[in-house]
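The structure appears right after this line, and notes come after that.
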Amino acid sequence: MTTETFEDTPGPADKSPNQVAPKSAPDASAKHRWGGEGVVLNVFSHGFLVVWALMVAVPLLWALWSSFKTSGDILSHPWSLPVHPHFDSWSRAWTKAHMGRYFINTVIVVGFSTFGTMLFGSMAAYVLARFEFFGNRFIYFLFVGGMAFPVVMVLVPLFFVTKNLGILNTLPGLILVYIAYSLPFTVFFMTSFFRTLPTSVAEAALVDGASHTRTFFQIMVPMAKPGIISIGIFNVLGQWNQYLLPLVLNQGNTDKWVLTQGLADLAVQQGYQGDWSGLFAGLSIAMLPVLAVYIFFQRQVQAGLTAGAVK
């Protein structure tokens, strides 16, 4: 009698449901292919950034070092560095071209308008982000819709409104217009930022007896500091470089002009007189302050833009 021995080979029904099929090894060719494409993309992106940086930085540096040269040196050797720097072009631009007066006017207008924009914009954004009431979304979309209108479309109404209010060709009138012009984007940005902040801290302050005003200024504003700094820098840059609004609403006495108006007038005058070094000095006076502000606050700007990305 023969005895047959059968091996215990598991069939399809004997497989454990928790048994996982072994993963196949990664394809070496695919890994090499994706790695090569990543290197190419990295090189291309870095090369593009280098070209873009040169396109932005070279004209600024050229205007800066040209302000320390004479007009003859600028025309004969435009790309050479100044061998003997001349600072008299800066004094001519500051005094004779009245760039100093325009600079002070710009600081006054931009300082007050930025403060007003951040104050009213943050208060409106906090209410729209934290309180539910009838018409909340409608008011929010009104602010968002204000960003869609080009400034050219509102120049004529703004002219007659400021004229009827008696603030045409005045610095306070320009400050109010700057605030109204910057409010839509400020409310849009700060509303999204306030929504990312935790509500537990504000609720705890209200339970402890703090008023809504105290909660906003002492609790929520310090928590929203990165966003406030970021949008504040954008407002400073936009209002500092604003030209169309002052040209229409501040065309009276030249003593009340701002830097963009003075720089345009300087470009016309120095073009006829041939004082190119004075023109570049005036351009540097208008350019360096905003560049310094952005360099000084660049970390706060980046922190504010990315603060709401991860909760």
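Keep in mind the model is a prediction, meaning the values are calculated, not measured.
Phe149 and Leu244 sit in two unconnected hydrophobic clusters of ILVMFWY residues. Membership requires side-chain heavy atoms under 4.5 Å apart, directly or through other members. Both Leu249 and Val152 are part of a single hydrophobic cluster, where members link through side-chain heavy atoms under 4.5 Å apart. Follow the hydrophobic side-chain contacts under 4.5 Å out from Tyr181 and you reach Met190 in the same cluster. Note: the hydrophobic cluster containing Met55 does not contain Phe44 (ILVMFWY, side chain heavy atoms under 4.5 Å, direct or indirect links). Note on Phe185 and Leu119: same hydrophobic cluster, where clusters join Ile, Leu, Val, Met, Phe, Trp and Tyr whose side-chain heavy atoms are under 4.5 Å apart, directly or indirectly.
Judged by distance alone, the side chain of Lys256 and the main-chain N or O of Gln251 form no donor-acceptor pair under 3.5 Å. Put simply, the side chain of Asp73 never gets that close to the backbone of Pro82: no donor and acceptor are under 3.5 Å apart. The backbone N or O of Gln261 lies less than 3.5 Å from no partner atom in the side chain of Asp265, so there is not a single donor-acceptor pair. The backbone N or O of Ser67 sits less than 3.5 Å from a side-chain atom of Ser89, completing a donor-acceptor pair. Without hydrogens or angle criteria, Asn105 side chain to Asp255 main chain gives a donor-acceptor distance under 3.5 Å.
In this structure, CZ in Arg130 is found 8.5 Å from CD in Glu203, a value given to the nearest 0.5 Å. Atom CG in Asn235 sits 10.5 Å away from atom CZ in Phe189 (nearest 0.5 Å). How far CH2 of Trp79 is from CH2 of Trp62: 6.5 Å, rounded to the nearest 0.5 Å. A distance of 12.5 Å separates CG in Leu259 from CE in Met287, rounded to the nearest 0.5 Å. Taken from CG in Leu64 to CG in Leu60, the straight-line distance is 9.0 Å, to the nearest 0.5 Å. Taking CG from Leu279 and CG from Leu263, the interatomic distance works out to 7.0 Å, rounded to the nearest 0.5 Å.
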One pair to check against side chain to side chain contact (heavy atoms under 4.5 Å, CB included): Gln242 and Val258. What are the steps and the verdict?
CA-CA 9 Å; Gln242 182 60 242; Val258 294; over 6 Å; no
Chi angles and distances behind the side chain to side chain contact (heavy atoms under 4.5 Å, CB included) call for Met220, Ser122:
CA-CA 10 Å; Met220 303 307 297; Ser122 299; over 6 Å; no
Which is it for Asn164 and Phe159 under the side chain to side chain contact (heavy atoms under 4.5 Å, CB included) test, yes or no, and what are the steps along the way?
CA-CA 9 Å; Asn164 293 333; Phe159 178 84; over 6 Å; no
Thr114 and Gln239: side-chain hydrogen bond (donor to acceptor under 3.5 Å, both in side chains), yes or no, with the steps?
CA-CA 8 Å; Thr114 302; Gln239 295 173 7; 3.2 Å; yes
Can you list the steps and then say if Ser284 with Trp90 is a side chain to side chain contact (heavy atoms under 4.5 Å, CB included)?
CA-CA 9 Å; Ser284 301; Trp90 285 71; 3.6 Å; yes
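Considering all non-hydrogen atoms of both residues, Thr215 and Ala210 come closest at OG1-CB, 3.7 Å. For the pair Asn136 and Leu128, the tightest heavy-atom approach, listed with the atom from each and the gap, is ND2-O, 3.3 Å. For the residue pair Ser91 and Thr95, the shortest heavy atom distance occurs at O-OG1, 2.6 Å. Contact between Ala205 and Ile219 at its shortest, heavy atoms only, is CB-CG1, 4.1 Å. Leu245 and Leu158 make their closest contact through CD2-CD1, 4.0 Å (heavy atoms, listed as atom of the first residue, atom of the second, distance). Between Gly227 and Phe193 the shortest heavy-atom distance is N-CZ, 3.6 Å.
Within a 6.0 Å radius of NE2 in His77, other residues, nucleotides and ligands contribute 12 heavy atoms or fewer. No more than 12 heavy atoms of other residues, nucleotides or ligands shown are found within 6.0 angstrom of CZ on Phe48.
Between the side chains of Ser66 and Trp276, no donor-acceptor pair is found at a separation under 3.5 Å. Side-chain atoms of Thr254 and Arg101 include no donor-acceptor pair closer than 3.5 Å.
Relative orientation of the Trp257 and Tyr102 rings is tilted, given thresholds of 30° and 60° on the angle between their planes. Using cut-offs of 30° and 60° on the angle between ring planes, the pair Phe194 and Phe216 is tilted.
Between Pro184 and Met147 there is a side-chain heavy-atom pair separated by less than 4.5 Å. With contacts defined as side-chain heavy-atom distances shorter than 4.5 Å, the pair Pro222/Phe217 does not qualify. When side chains are defined from C-beta on, Lys69 does not count as touching Leu81, because their heavy atoms never get closer than 4.5 Å.
Taking the six-membered ring where the residue is Trp, the centroids of Phe103 and His98 are separated by 6.0 Å or more. The aromatic ring centres of Phe188 and Phe143 sit 6.0 Å or more apart. If you look at Trp65 and Phe280, their ring centroids are not closer than 6.0 Å.
A cation-pi geometry, defined here as NZ or CZ lying under 6.0 Å from the six-membered ring centre and within 45° of its normal, holds between Arg195 and Tyr140.
Just one of Val177, Leu174, Val161, Leu176 meets the side chain to side chain contact (heavy atoms under 4.5 Å, CB included) condition when paired with Ile167; it is Leu176.
Scanning for side-chain contact (heavy atoms from CB on, under 4.5 Å) contacts around Ile179 gives Ser113, Thr117, Phe120, Ile175, Leu183, with sequence neighbours left out.
The stretch residues 157-185 participates, sequence neighbours left out, in no salt bridge (Lys or Arg N to Asp or Glu O under 4.0 Å) pair at all.
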